[in-house]
Amino acid sequence: MPMKKVTVKEYDSQDEASTELLEKLKHLDRRVDAAEGGGLAKGTAGGRRSTACWQSMKWKSALNHIGLLVSLSIYCGVGGLIFRHLERPAEVERLSHLKDIVKTHRERFLHTILNNTEVHNLDELLSFELAKYEAAVQQAAEGGLLIVADKDFPEPYERWSILQAVFFSSTVLTTIGYGNIVPVTTGGRVFCICFALIGIPFTLTVIADWGRLFATAVSVFGKHMPTKPKFTNFIGKTWFYAILAVGFLGVYLAAGAGLLLLWEDDWTFFDGFYFCFITMTTIGFGDLVPKKPNYMLLCTLYILIGLALTSTIIELVRRQYATSWAKLQELSGPMAETLRRLGETAGTGLDYTALQKVLTVSMPKWNSKKNEHSPDIAALEAITNAILKEVKEAQNNKPKVLQIVIYESSV
Amino acid sequence: MSSRRSSFRRREKPAFERFKDHCRHFTAFMFSNVGIILLVTFYIIGGAFIFQSIEIFEYERLKSEKPHRFIARNFSGECLSRIWELTAENISFFDHHAYRRRVNDVLLDYQRAIVKKQLKGPDVEQWSFSGAFLYSLTVITTIGYGNITPHSECGKLVTILYAIIGMPLFLLYLSNIGDVLAKSFKWIYSKVCLCRICPGVAKRRIIRERRKMRQLARALQMHDMENARGSSSYTSTSSTTSSNSSSSEYTRSSRQSSSLVDIQYTESDSDIEREIRGSTDEITVPVTVCVFVMVGYILWGALLFGRWEDWNYLDGSYFCLISLSSIGFGDLVPGDRVITADRDKVEVSFILCAIYLLLGMAVIAMCFNLMQEQVVHNIRAIKRGFKACFRCRTS
C-alpha cells in the first residue's frame, strides 16, 4: 500500500499516456486480486458469495441442458401426432379401397366363369381375367395391404400408429430417413417440409450442446486420470486420442448390435452392426428397420446418444485445433498487425497507439505471474513509462530521423 | 562462410528429398479446390464399379449354388390348368357352392404366390452402372434412399468401409467448395448491390461518414472533460479510481476509433482497389438473400425434375428438400417411372441427379456459411451496443 501511494504521488504530474497505462496496470492488478480472492473458498464473504453464485450457475446450466432435451422431445412428439392425424385417414381409406378392388376383381372372375356357356373360348377368357386380377393383387401388395392365404383379409397392419409416427418424426429430425413409412398426402408432405426446416437446426443445436457437455466431462475426466500408457510417447497424444475415439465408437456400435440381436428375432450380429452403422452415420437406407414397435423409442434414444457421442468427438478435436490456433494467433496476430501499421505510418511519424498496444499486449503475461516478481514488475513499469515519456518528447521535438530499439526479455 | 553457402546451394538434392517435395506438391494439389472435386468424382465412380461387381458376382454365385430357387414358375398357367380341371369335373354333376369354394381356394393360392413374389425384393438388374453410381453418392452424402441396397454380406461390409473413408472426404469437399462459393457470391453481391454509382448507397455512405465525424467530435469533447477531471482526482478513493479507469477505457477506445478514421482517409486517397477489397471483406450478405438462394435452387430443381421425371411441382420440391437436407426417404427416386421406357434416358437422369445433388449440397453449405457470418456479425453488434449502453449508464 505505501508503495502504491508513493508511486501515485510521484506520477502526479506525468502526461496522460503514462496515466492511462498506470491505470490499466492497476486495473489488471485489481483483477488479479479479485481472481485470487475468488479462488479462496474459506470463510470470507467473497468466497461464500462466489460459492453461492457458482452453485446457482451450475443449476441454471443443468436446467438449460435438460430443458433443451425436453423441448426437443415435446417437438418430436407433437410432430408425430400431427403426422398421424394427417396420414392415418388417408391410409385407412387407401387400404379399404384396395381391399374393395381385390374383392371386386375376384367376384368378377368367378362370375365370368359361372356365366360362361361357350367351352371352346374358355382359355382366352380366363387368361384375360386372371391377368387383370394379378394386376389388382400387385397394386394391393405395393400399397401395403397384407394378403395371406389362410384368412381372407387379416387384421390391417397399422402403419401410422403413435409409436411409428413418433419414430418417423425422430428419423426426420436426425436426417436419417429410413423410408419405410413416408407421407403420401399433400398436407403430410407440406407439413413434413415445414417440420424438417424448423426441426433440423433445432436438433443440430441440441446435439451440439450435449456434445459440448460430454466433451467437458471427458476433459475433466482426462485431467483427473493419474497415469497414462507408456506408448503415448511413441505414437503421440493426438493419434492416441483419435484411436481411442474410434475404438469407443466401435464398442458403442457393437453394444447396439448386441441389444438389437436380443430384440429382433431374425437378425444376425452383423445385421445389427450394419444397421447401427447406417443409423449413426445418418445414411438410413431402410432395408433393415426394427419391426417391433415397443423398442422403437429405445432405438430413438440410442440414436440421439450416438449422435451426441459423435458430436463429442468432433468437439474434442475442434477444441484441440482451436487451442493450437489460438496460441498461434496470440503470438503472431496482433504483433504482425501492429508492425504492419508501424510500417505504413513510418513517413508521417510514429503511431503512438500502436506502440502502446504492443506494450500492453506483452504486459499481461508478466502480470499474470505471482508476487515473487513484483520488483521486476515495478522495474518494467518504470522502464515502460520512461520509454513512453521519451517518445512523447521526441515526437514533440519533431526530428527527421527517429530510431527506437526495444529489447523484450521474458522474466 | 560464403564458400560454404555457395557449395550448399550448388549441391544437388538427394533423391529422397526430391521425392518428398513431389509428394508435398501432389498433396497440396489434391487438397486444393480442383483436386478435391476430381477426388470425390473418381471416388464415387470407383465405388460404383466395386459395388456393381460385388453384387453381380454374388448373384451369379447364388444362381450356381441354388439353381432351383431361380426357376421362374408359371403361376398363371398352373392356376388356369387347375381351374380347367375343376370345370371339367363339374360338367356332369353341377354343384354351384362347392365349385365356387374350390375356385376361390385356387385364387387365394395364386394371390399368395403373387404377394410373396412381390415382397421377395428387387432384382439384380437394378445394379447397373448408373444405379451403383447413385448408390455410392447416397452413401457418402448420407442421403441413403434405400431403393438399392446390398443384399450380400460382402456388399454390406464394403459399404461400411466405403462410408468410413468417403464421408470425411465429402465433408472436406463441402468445406472447401462452400468456402469458395461463399467468397464468389459475396464478391458478386458487392459488385451488384453495393456499387459506387448507385445514388442510395452513396447517400448512405455520406450519412455514415457524417455520423462518424459527429462521434469523433463528441469523443474529443469527452476526452477534454475527462482530462480536466482526471488531473484533480489522483488523491481520491478507489471508487473514483475505478470510474476513472472505465472512463479512460472509453477515451482509449475513442482514440483508437479516431486513429482508424485517419487510416481510412489515408487509404481512400491511395488506392481504389484496396478500398474495394476492404469493403468486400466487411460486407455481410443478409439472411434473406441466403434463404432466397436456397429456395430458388430448390424450385429450380423442382422444375428440372418435373421435366425429367414427370413429377408435379410439389413432388419435385419435396424430393429436392428431402435430398438436400440428406433425409432421403426413397419414396420418390429418379428413374422409377422411366425404368421400362428407355435405359439411356435413365442413365442420363441418374447422372444429372448426382450432379444436382453435389452442387446443391455445396450451395447449401455456402448459404449456411454466409448466414453464420451474418449471425456472428449481428451478435457482435448487439454486444457492442449493450456494452456502450452499460458504459454510458456507469459514467
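A note on names: the letters A, B, ... follow the listed sequences, proteins ahead of strands, and every chain is numbered from 1.
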Measure [X] against the heavy atoms of chain B and call it side chain, backbone, both or neither at under 4.5 Å.
X: A/V184; answer: neither
X: A/T186; answer: both
X: A/L197; answer: side chain
X: A/I193; answer: both
X: A/F168; answer: side chain

Q: Taking the side chain as every heavy atom from C-beta outward, state whether A/I283 and B/V139 have any atom pair closer than 4.5 Å.
A: yes
Q) What option among A/I176, A/T171, A/T174 has the most heavy-atom pairs under 4.5 Å with chain B? A) A/I176
Q: For each of A/T175, A/L173, A/V172, tally heavy-atom pairs with chain B at distances under 4.5 Å, and name the one with the top tally.
A: A/T175
So how far is it from [X] [atom1] to [Y] [atom2], rounded to the nearest 0.5 Å?
X: B/L157; Y: A/Y274; atom1: CG; atom2: OH; answer: 10.5 Å
X: A/F285; Y: B/T138; atom1: CZ; atom2: OG1; answer: 5.0 Å
X: A/I278; Y: B/T159; atom1: CD1; atom2: OG1; answer: 6.5 Å
X: A/T282; Y: B/M167; atom1: OG1; atom2: CE; answer: 5.5 Å

Q) Contact part of B/I140 toward chain A, heavy-atom cut-off under 4.5 Å: side chain, backbone, both or neither? A) neither
If you look only at distance, which donor and acceptor atoms sit under 3.5 Å apart when one is on a side chain in residues 317-329 of chain B and the other is two or more places apart or in another chain?
from, atom 1, to, atom 2, distance (Å)
B/S317, OG, B/Y313, O, 2.9
B/S323, OG, B/Y145, OH, 2.7
B/S323, OG, B/F319, O, 2.9
B/S325, OG, B/L321, O, 2.8

